[in-house]
Every structure is written in C-alpha cells, then in structure tokens.
Amino acid sequence: MSGLQLLTVGLVPAKSSEFVGCTKFSQCSNLRLPESRSVQWGVFSHSWTHFSPAAISTSGQLREGSKRGRGVWCRAVEVEKLPEVDGTSTLKDLEIEEVTEDLQPTVERDFTGTPNIPIYVMLPLGTIGHDNKVTNPDDLRQKFNALKTAEVDGVMVDCWWGLVEGKEPQHYDWSGYRQLFTMVRDCGLKLQVVMSFHQCGGNVGDDVYIPIPQWVLDIGKDNPDIFFTDKSGVVNPECLTWGVDKVRVLRGRTALEVYYDYMRSFRQEMDEFFMDKTITEIEIGLGACGELRYPSYPETRGWKYPGIGEFQCYDKYLLEDLRKAAEARGHSHWTKPPSNAGEYNSRPQDTEFFRDGGDYDSYYGRFFLKWYSDVLIQHGDRVLTFANIAFEGVKIAAKVSGIHWWYKTASHAAELAAGFYNPANRDGYAAIAQMLAKHGASFNFTCVELRTLAQAKGYPEALADPEGLVWQVLNAAWDAGISVASENALGCFDRQGYNKILENAKPEKDPDGRHLVAFTYLRLSDELMKEHNFKEFSRFVKRLHG
C-alpha cells in the first residue's frame, strides 16, 4: 500500500465542496493506512465522519461524494511505498505527532456586512482591591486605551457584595467603583456591570479571594443552613442558599431584600453613569460564580473535571421545601434527595442514579429533578423581579453556565446536579429562557469558543459536546424571543477559538437572521496584551463588528 504523510488539517464545511486547509503546522510523522480499512478521523456533533483511503486522491483532495456533514479531514499525498500492513490493524497503529501550533485556516468566511455585535472585555477579578481602590490604575488606563484603539466597545466588571457591603449591613462603599467607572468613561468605553452576590475564589479561573460580607459569614457560624450544603453536611459559603430567599435570617431581612437594597443603592449612587449611557447593561448574579446554577462542582471540595458533581439541597430550608413538595404529591417516602447519585468525581455509569436506565428516569427521579430545577428557576424569577424594580428602564441580563461534560450520555449528569433538568429526552433550557423572557432579560451563555473535537481529544472520557450544548441553548433562547449574549469559558487567544465564537455569534444562512446581541471576552490580562495575541484579538473584534 502507499504511505501517506499528513500535510494539513482543516474543516470540511457542511453542505459544501469547499475545503478549508491550514498553513501553520508542526512536523508530522508518516501515517500508514491499510487500504482495506476506513479511518475515523473527525467528529461533528454526535456522529463520526469516516474517510477511507479510496476517498483521497493522489493530489491530496477528497473525491466528490466522499465527505459527509462536517468533520476534520486529512490532506495526504503519496510519498513512498511502505510494507504491507496486516488487515487487523486498528487506529492504535496510526501514530500521528500532535500538531502543536495554532491551526490557521486559509479560507475563512467573510463577515463584511454582517451585523455589528458589540464586544466587551471582562476586567480582572481583583480590579478593585480589598482597600476599595482601583488596583494599579496607571497600568489599567494603558490597557483601556489599547482596547479603545482596537475598537472594543466596553468592559465588564464585577461589583463584589463582599467589598461594598462587607463590614455592616446597609453600609455601602462604592468609592472604588466610582473611581473605576470614571476611568472607563474618560477612555471612551462603555460598561457592563455585574451584581456579584457570590464569593470570588475556589472555582475555575479564580485568582483572588473575595468572600461574601463578613457580617453574613458571622450569621452563618450560628446558622450554617443559610448556605448550600452537600450530602456530607459540608456547607459552602460561596453564596446564600435559595432556601432563605424569603426567610428573615439576615438581621431582620430576607435574602431578596438584601439583594434589592444593594441593587437600589448602586442605582442611586451611580446615577450619573446611567444618565450618560456609560452603563449599558446590568448582569444580575443568581448563584455560584454569578451564574444561575447550584454550586455543584466546587474545587474547594476536591472536584476535578469531568466529575459529575453533587446535589446541593441539604440545608434545612431546601429539605423542608422538598418535604412539602413530596407530601403535596402524596408520596411521603420522596422527602429526601437521592442516596445513590455518587460523589463529586464520580462518572455517570458508576452510579445507580445517573447510569443509563438509572433512577434519574424513574417516577421518583423525575419528581426530584423537576423540583430541584424548579427551585433554581423560581430563585431566578424572584431576584429578577426585584432587579427590574431597582433598575427600571435599564437592560438586565443573567448568565447561565455551559456544563458541556457528559452531554453525550443519556442522563447529562453534570447538568442535572447543577440544576439544569436537561437529560437526552427533555429540554431543560426552554423553561429558563421563558423565565428570562418574562423579565425582558438577556440570556448570557458561556463556552461558545469550545470545540467538540478538541474536547474529545483532550478528555475523551468526559463525553463532552460543547457545540451541541451551545446550539441547543441558543435555539431555546431565540425560540423564547429573547436576546442572547455570550462569553468564552476559558482563555482564548487563537484563531480557531475566535472562528468558533464568530460561527456561533452569526450563524451562517440563518433564515431568521438571528445572532448574538453582544459578546464578552474573558478576560483582560498581560497575556492578551502581548503583540501577537492582541493583533489576533483586534482582527477578531473587526470581524465581530462586521
């Protein structure tokens, strides 16, 4: 048979005969293909794309009709005659050196004339220090000016509850944020502001530690049930349990009243930045990491990707709510969470609850998961009701995390533990989208830069599908008639990641012309400011603007 040397790697666009090749690559070793066997090389959504040696011509092109859907393809040419390979060879016999450099497509979609999507850059988590002052303002000002030259629209910043109301209830110190907002305005940038009612520290990407207010932590010493609790009885002080939304346990106030008072104070103190349109949007923190989800996979409890996480409903307030829900259904034996759902780092198939055909799809399982998800959605509904009162006339948004691991399994265990009732036989995001639509809130979703193929290569055991998840969520939101924004989940500096963002931001040939209303880049850093990275980022900004 002929020996084939891998020259380039790229994408075959769906329903197209156009090839997208790549020009940057590292040295590749010989690829030996048995003529009698096809090779599984790429993945798109849930299905594999197969190419046989017969489908590759000696010129290195795929013969017409040999491509199906969209997947990775190999361009190959005959280089030498190699010994015959036994017909029982498998993919393990194919030794290919990993391409280590960024793959840069030579043919790309032209975004000229496409909708202008504003881009905001998320500021470092510690932009405001514990002294309530801007950290390193001169360096930050230089970075702001660089963003402005790249035609970035604005920046996003967390307004940490633990810094502003950290010492005493209803004593708010907005001085550091006023200093920051003035700097942003002076540089000609706009602002997205996050009402961050959670702890910074203990999750992926956290590089500083900012706890929730000390007076709240002091209350928690006497009443630890104000925090989310796992099945081992370990409390997580990252944020308040939704069980105290309407319970007066915070020095005479409910959690909802505490959130409202904080938001109202911000609106009053920062009025000038609303009036001159410097602030364009307020994102409302609704849970762990500011996202609408349970803190089901905290690194502080030893969680590692791709563990399924654990249910977080063992505080006395949520347990009481579960008891009432079960008794209302007439099933007093359903008053407890499942006892067979594994540990933080379990795999779905290792548990009786999440395995294929497991208890998650039993009568009890469906009852519990519906209750667990409803509590999440009801919390979002209540907080956004107060947010619209505090920020009347201002666009608000809520962020939903992209939990893409185990998406290719039946149960979607990691999503279920986080509160998204989205197994393979149910759409768990439609109800969230409808709740946001009720309040006119934008749906901000993460992980739009991730590629399913890359996840399959790096963590094949995770059975992740970020592309499938993003497509499901975007359509659920658009079907609900609400605007959708997004952000990347992890650091992104390469063209492949940017192209994936653009593909999701402006779906090609969408009959309804749907697209994102904004994109937030994670995050401003010295790494982004490096010459090559910033040049690539600036190119991305121009294409996002159309």
Discussion item. Could you check whether any side-chain heavy atom of R185 comes within less than 4.5 Å of a side-chain heavy atom of L191, counting everything from C-beta outward?
Written reply: no
Worksheet item: Is there a side-chain contact between Y407 and Q472, using heavy atoms and a 4.5 Å cut-off?
Response: yes
Discussion item. Rounded to the nearest 0.5 Å, what separates atom CG in N444 from atom CD1 in I396?
Written reply: 13.0 Å
Practice prompt. Classify the ring geometry between W160 and H198 as parallel (under 30°), tilted (30 to 60°) or perpendicular (over 60°).
Written response: perpendicular
Worksheet item: Given side chains that start at C-beta, do those of L147 and F534 come closer than 4.5 Å, heavy atoms only?
Response: yes
Practice prompt. Please confirm whether the backbone N or O of G497 pairs with a side-chain atom of E449, one donor and one acceptor, at under 3.5 Å?
Written response: no
Worksheet item: Could you go step by step and tell me if Q214 and K167 meet the side chain to side chain contact (heavy atoms under 4.5 Å, CB included) rule?
Response: CA-CA 6 Å; Q214 184 59 50; K167 297 179 181 179; over 6 Å; no
Worksheet item: S296 side chain to G309 main-chain N or O, any donor-acceptor pair under 3.5 Å?
Response: no
Item to complete: I would like to know whether Y177 and L163 meet side chain to side chain contact (heavy atoms under 4.5 Å, CB included); could you show each step before the answer?
Response: CA-CA 10 Å; Y177 288 101; L163 293 181; 4.1 Å; yes
Discussion item. Tell me whether E531 at atom CD has more than 12 heavy atoms from other residues, nucleotides or ligands lying less than 6.0 Å away.
Written reply: no
Worksheet item: Can you tell me if W406 uses its side chain to pair, donor with acceptor, with the backbone of S411 under 3.5 Å?
Response: no
Worksheet item: Which heavy-atom pair separates L189 from G154 by the least distance, and what is that distance?
Response: CB-CA, 4.1 Å
Fill in: Salt-bridge present (K530, D526; N to O < 4.0 Å)
no
Discussion item. Run T135 and L140 through side chain to side chain contact (heavy atoms under 4.5 Å, CB included) and show every step you take.
Written reply: CA-CA 8 Å; T135 303; L140 193 60; over 6 Å; no
Worksheet entry | Side-chain donor or acceptor of N488 paired with backbone N/O of L522 under 3.5 Å | yes
Response to the item:
Exactly one candidate in N499, T112, T114 meets side chain to side chain donor-acceptor pair (under 3.5 Å) with R543; the answer is N499
Practice prompt. List the steps and the verdict of side chain to side chain donor-acceptor pair (under 3.5 Å) for Y120 and E281.
Written response: CA-CA 11 Å; Y120 293 74; E281 181 180 85; over 6 Å; no
Item to complete: Could you pull out the closest heavy-atom pair between I403 and A418, with the gap in Å?
Response: CD1-CB, 3.2 Å
Worksheet item: What distance do D350 atom CG and F354 atom CZ have between them, rounded to the nearest 0.5 Å?
Response: 12.0 Å
Practice prompt. Could you give me the CA-CA distance, side-chain angles and deciding distance for N145 and Q142, then say whether side chain to side chain contact (heavy atoms under 4.5 Å, CB included) is met?
Written response: CA-CA 5 Å; N145 289 329; Q142 289 181 358; 5.6 Å; no
Worksheet, complete the sentence: Minimal heavy-atom distance between C159 and F266, with the atoms involved, is SG-CE1, 3.9 Å
Discussion item. Between V193 and F181, is there a side-chain heavy-atom distance shorter than 4.5 Å?
Written reply: yes
Practice prompt. Report the C-alpha distance between E487 and K399 in whole Å, list the side-chain angles of each, state the deciding distance to 0.1 Å, and finish with yes or no for salt bridge (Lys or Arg N to Asp or Glu O under 4.0 Å).
Written response: CA-CA 9 Å; E487 64 185 51; K399 183 163 69 171; 3.1 Å; yes
Worksheet, complete the sentence: CG of L180 to CD1 of I128, rounded to nearest 0.5 Å, is 5.0 Å
Worksheet entry | Check: S483 side chain, V517 main-chain N or O, donor-acceptor pair, under 3.5 Å | no
Discussion item. So L217 and F227, do their side chains get closer than 4.5 Å, heavy atoms only?
Written reply: yes
Worksheet item: Is S373 reaching over with its side chain to a backbone N or O of G419, donor-acceptor style, under 3.5 angstrom?
Response: yes
Item to complete: Find out whether F144 and D186 are in side-chain contact, i.e. whether some heavy atom of one side chain is under 4.5 Å from a heavy atom of the other.
Response: no
Discussion item. Less than 4.5 Å apart, side chain to side chain, heavy atoms only: is that true for V216 and E165?
Written reply: no
Worksheet, complete the sentence: Between the NZ atom in K190 and the NZ atom in K277, the distance rounded to the nearest 0.5 Å is 9.0 Å
Worksheet item: Do E151 and K542 sit within salt-bridge range, that is, some charged N less than 4.0 Å from a carboxylate O?
Response: no
Worksheet entry | Exam field: side chain D512 to backbone R514, donor-acceptor pair closer than 3.5 Å | no
Worksheet item: Would you say the side-chain atoms of H379 pair up with the backbone N or O of T241, donor to acceptor, closer than 3.5 Å?
Response: no
Worksheet item: Going from NZ on K500 to CG on N504, what distance comes out if it is rounded to the nearest 0.5 angstrom?
Response: 5.5 Å
Worksheet item: What is the minimum heavy-atom distance between Y344 and W303, and which atoms define it?
Response: O-CD1, 3.4 Å
Item to complete: Taking only Lys NZ, Arg NE, NH1 and NH2, and the carboxylate oxygens of Asp or Glu, determine whether R451 and E503 approach each other closer than 4.0 Å.
Response: no
Worksheet item: Looking only at heavy atoms, which two atoms of D153 and P118 are closest? And how far apart?
Response: OD2-CA, 3.3 Å
Practice prompt. Anything under 30° is parallel, anything over 60° is perpendicular, the rest tilted; go ahead and classify F228 against W242.
Written response: perpendicular
Discussion item. Assess the residue pair F197 and Y262 against the criterion (ring-ring contact (aromatic ring centres under 6.0 Å, His included)); give the C-alpha distance rounded to whole Å, side-chain angles, the decisive distance to 0.1 Å, and a yes or no.
Written reply: CA-CA 10 Å; F197 298 111; Y262 182 88; 5.2 Å; yes
Worksheet entry | Minimum heavy-atom distance R141-C187, with the two atoms named | CG-SG, 4.2 Å
Fill in: Main-chain N/O of E527 paired to N533 side chain as donor or acceptor, under 3.5 Å
yes
Item to complete: Fit a plane to each ring of Y521 and F493, take the angle between them on a 0 to 90° scale, and name the class: parallel (under 30°), tilted (30 to 60°) or perpendicular (over 60°).
Response: perpendicular
Worksheet item: Within a radius of less than 6.0 Å around OH of Y459, do more than 12 heavy atoms belonging to other residues, nucleotides or ligands occur?
Response: no
Worksheet item: Got a donor-acceptor contact below 3.5 angstrom from the K506 side chain to the L544 backbone?
Response: yes
Discussion item. With heavy-atom distances below 4.5 Å as the criterion, would you say the side chains of C447 and V470 are in contact?
Written reply: yes
Discussion item. Can you tell me how the ring of Y305 sits relative to the ring of H404, calling it parallel under 30°, perpendicular over 60° and tilted otherwise?
Written reply: tilted
Discussion item. Once rounded to the nearest 0.5 Å, what's the spacing between atom CZ of F420 and atom OH of Y429?
Written reply: 5.5 Å
